[in-house]
Chemist: 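A single structure is presented below for examination.
We use all heavy atoms of the structure for the numbers below, so side chains are in, but hydrogens, waters and symmetry mates are not.
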Amino acid sequence: MELLNLETELKGNSYPGRGIVIGRTKDGAKAVTAYFIMGRSSNSRNRVFVEDGEGIRTQAFDPAKLEDPSLIIYAPVRVLGNQTIVTNGDQTDTIYEGMGRETEPLTFEQSLRSRRFEPDAPNYTPRISGILHVENGKFDYAMSILKSADGSPDTCDRYTFTYENALAGEGRFIHTYMGDVQAEQRAIPQGLPSFEGEPKRVAIPDDIDACTDLLWNSLNEDNKVSLFVRYIDIATGAYETRIVNKNE
């Protein structure tokens, strides 16, 4: 699979929706994750990321303008021991609770068995999730997508991708929509087409600020809302975080 450039990928797509990047710096020292949200409606755009313990949550920028909070207010990032969970919805809590059970804890994949794509017809937005495991100087990660089968509200396709001993200098990128286009010959043609295929193989910058600037400046100016970036030292577990909000 070709190693892609994140800047090119993002600038070539005006509306990838919500996206997760996970990978490793070229020097091999840092585990990296990023999560961004975009919006086309006033309700989706009326959001900011705020820190919440070791993770983050979304909140309304202007509470007076908040409409339906059900699919836009959630914790995208939570930390469970040496594992960092990143998702585009409240399935963050599902994974956290499933994997954190005192008896018979569930795996990442098992935890998501209870969830499906979002009930936001006609798009049926995929639920995308990622988990980073940093322990004893090693770094593994996995990504998941739960998506409607060709726009059907009745069938959920489930894919999990696992990356052991993550390679230096590269990572994977998954997002919710193929783009802001009208798909033809679909069961529900007015819906946005869901992401297809394996998460994209992308180059990962070594520097957190360079990565943050690259991602934020490459997202469509009209549609971007918020960005989270975290670099985790694989040897020590210490981390740095950057948050950028369009609404300030």
Side-chain angles (χ1 to χ4, degrees), residues 6-7 10 16-39 47-61 72-93 95-96 99-100 108 128-135 137-144 163 166 168-176 199 202-219 224-248:
L6 273 168
E7 181 178 15
L10 291 172
R18 286 165 271 172
I20 298 171
V21 177
I22 302 177
R24 189 171 192 161
T25 54
K26 190 174 181 180
D27 61 11
K30 304 289 177 60
V32 176
T33 188
Y35 175 62
F36 65 79
I37 58 174
M38 307 181 81
R47 288 186 287 175
V48 291
F49 285 166
V50 296
E51 291 187 274
D52 185 12
E54 294 183 288
I56 62 168
R57 58 184 169 85
T58 63
Q59 70 177 28
F61 175 65
I72 67 167
I73 302 300
Y74 56 92
V77 179
R78 295 189 70 179
V79 175
L80 179 63
N82 51 30
Q83 301 179 106
T84 302
I85 304 161
V86 186
T87 91
N88 73 326
D90 62 9
Q91 73 268 26
T92 310
D93 297 333
I95 298 166
Y96 183 92
M99 297 186 71
F108 173 67
I128 55 174
S129 307
I131 187 161
L132 298 80
H133 180 202
V134 176
E135 186 175 16
K138 295 183 179 180
F139 167 44
D140 304 317
Y141 66 97
M143 302 180 106
S144 165
Y163 305 94
E170 64 178 68
R172 298 285 174 152
F173 172 39
I174 193 169
H175 47 91
T176 52
V202 294
I204 301 293
D206 271 342
D207 179 74
I208 186 171
D209 291 315
C211 184
T212 302
D213 290 344
L214 181 150
L215 290 168
W216 186 248
N217 293 333
S218 300
L219 291 168
K224 65 185 179 183
V225 176
S226 295
L227 169 67
F228 161 89
V229 181
R230 176 165 290 176
Y231 275 46
I232 306 169
D233 188 293
I234 296 171
T236 67
Y239 61 80
E240 287 187 276
T241 299
R242 301 290 184 269
I243 292 175
V244 185
N245 292 306
K246 188 171 183 180
N247 294 313
E248 291 289 359

Chemist: Is there side-chain contact between Arg57 and Val50, with heavy atoms separated by less than 4.5 Å?
Modeler: yes
Chemist: How far apart are the closest heavy atoms of Arg47 and Ile72, and which atoms are they?
Modeler: NH1-O, 3.1 Å
Chemist: If we only count heavy atoms from C-beta on, is the Lys224 to Val244 side-chain gap below 4.5 Å?
Modeler: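 Side-chain contact under 4.5 Å: no.
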Chemist: Minimum heavy-atom separation for Ile22 to Gly130, with atom names?
Modeler: CD1-CA, 3.9 Å
Chemist: For Thr25, give me all partners under side-chain contact (heavy atoms from CB on, under 4.5 Å), at least two apart in sequence or on another chain.
Modeler: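 Expected list: Asp27, Lys30, Val32, Asp206, Tyr231.
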Chemist: What about the rings of Tyr141 and Tyr163, do their centers lie closer together than 6.0 Å?
Modeler: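 Close enough - the centres of the two rings lie under 6.0 Å apart.
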Chemist: For the residue pair Met143 and Ile174, what are the closest heavy atoms and their distance?
Modeler: CE-CG2, 3.6 Å
Chemist: Less than 4.5 Å apart, side chain to side chain, heavy atoms only: is that true for Ser129 and Ile95?
Modeler: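 Yes, their side chains come closer than 4.5 Å.
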Chemist: Under a 3.5 Å distance rule, please check whether Asn245 uses its side chain to pair with a backbone N or O of Asn247 as donor and acceptor.
Modeler: no
Chemist: Working to the nearest 0.5 angstrom, can you tell me the gap between Leu219 CG and Glu7 CD?
Modeler: 11.0 Å
Chemist: CE of Met99 to CD of Gln83: how many Å apart, nearest 0.5 Å?
Modeler: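 Here the interatomic distance stands at 4.0 Å.
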Chemist: Does Leu132 reach the side chain of Arg230, with side-chain heavy atoms less than 4.5 Å apart?
Modeler: no
Chemist: Taking the side chain as C-beta and beyond, is there a heavy-atom pair between Tyr74 and Asp93 under 4.5 Å?
Modeler: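 With C-beta onward as the side chain, the pair stays apart.
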Chemist: Measure across Thr92 and Pro76 and return the closest heavy-atom pair with its distance rounded to 0.1 Å.
Modeler: OG1-O, 3.6 Å
Chemist: Would you name the heavy atoms of Pro16 and Met38 that are closest together and state the gap between them?
Modeler: CD-SD, 3.3 Å
Chemist: Which is it for Gln59 and Val48 under the side chain to side chain contact (heavy atoms under 4.5 Å, CB included) test, yes or no, and what are the steps along the way?
Modeler: CA-CA 6 Å; Gln59 70 177 28; Val48 291; 3.6 Å; yes
Chemist: Kindly indicate, with the supporting measurements, whether the criterion side chain to side chain contact (heavy atoms under 4.5 Å, CB included) is fulfilled by Thr33 and Tyr239.
Modeler: CA-CA 11 Å; Thr33 188; Tyr239 61 80; over 6 Å; no
Chemist: Between CZ of Arg78 and CD1 of Ile131, what distance do you get to the nearest 0.5 Å?
Modeler: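 If we round to the nearest 0.5 Å, Arg78:CZ and Ile131:CD1 are 12.0 Å apart.
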Chemist: Just jot down the side-chain contact (heavy atoms from CB on, under 4.5 Å) partners of Thr176, sequence neighbours excluded, or say none.
Modeler: Arg18, Asn88, Thr125, Pro126, Ile128
Chemist: May I have the list of side-chain donor-acceptor pairs in residues 208-217 shorter than 3.5 Å, sequence neighbours left out?
Modeler:
| from | atom 1 | to | atom 2 | distance (Å) |
| --- | --- | --- | --- | --- |
| Asp209 | OD1 | Arg242 | NE | 2.7 |
| Thr212 | OG1 | Ile208 | O | 2.8 |
| Asn217 | ND2 | Asp213 | O | 3.0 |

Chemist: With a 4.5 Å cut-off on side-chain heavy atoms, are Phe108 and Ser144 touching?
Modeler: yes
Chemist: Would you indicate whether the side-chain heavy atoms of Phe49 and Val77 approach each other to under 4.5 Å?
Modeler: no
Chemist: Which atoms form the tightest heavy-atom contact between Ile204 and Arg24, and what is the distance?
Modeler: CB-O, 3.5 Å
Chemist: Applying side chain to side chain contact (heavy atoms under 4.5 Å, CB included), run through Leu10 and Phe36 and close with a yes or a no.
Modeler: CA-CA 11 Å; Leu10 291 172; Phe36 65 79; 3.9 Å; yes
Chemist: Just so I know, are the side chains of Thr87 and Tyr96 near enough to count as touching, which here means a heavy-atom distance under 4.5 Å?
Modeler: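 No. Closest side-chain heavy atoms not under 4.5 Å.
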Chemist: Test side chain to side chain contact (heavy atoms under 4.5 Å, CB included) on Ile232 and Thr84 and set out the steps.
Modeler: CA-CA 10 Å; Ile232 306 169; Thr84 302; 3.8 Å; yes
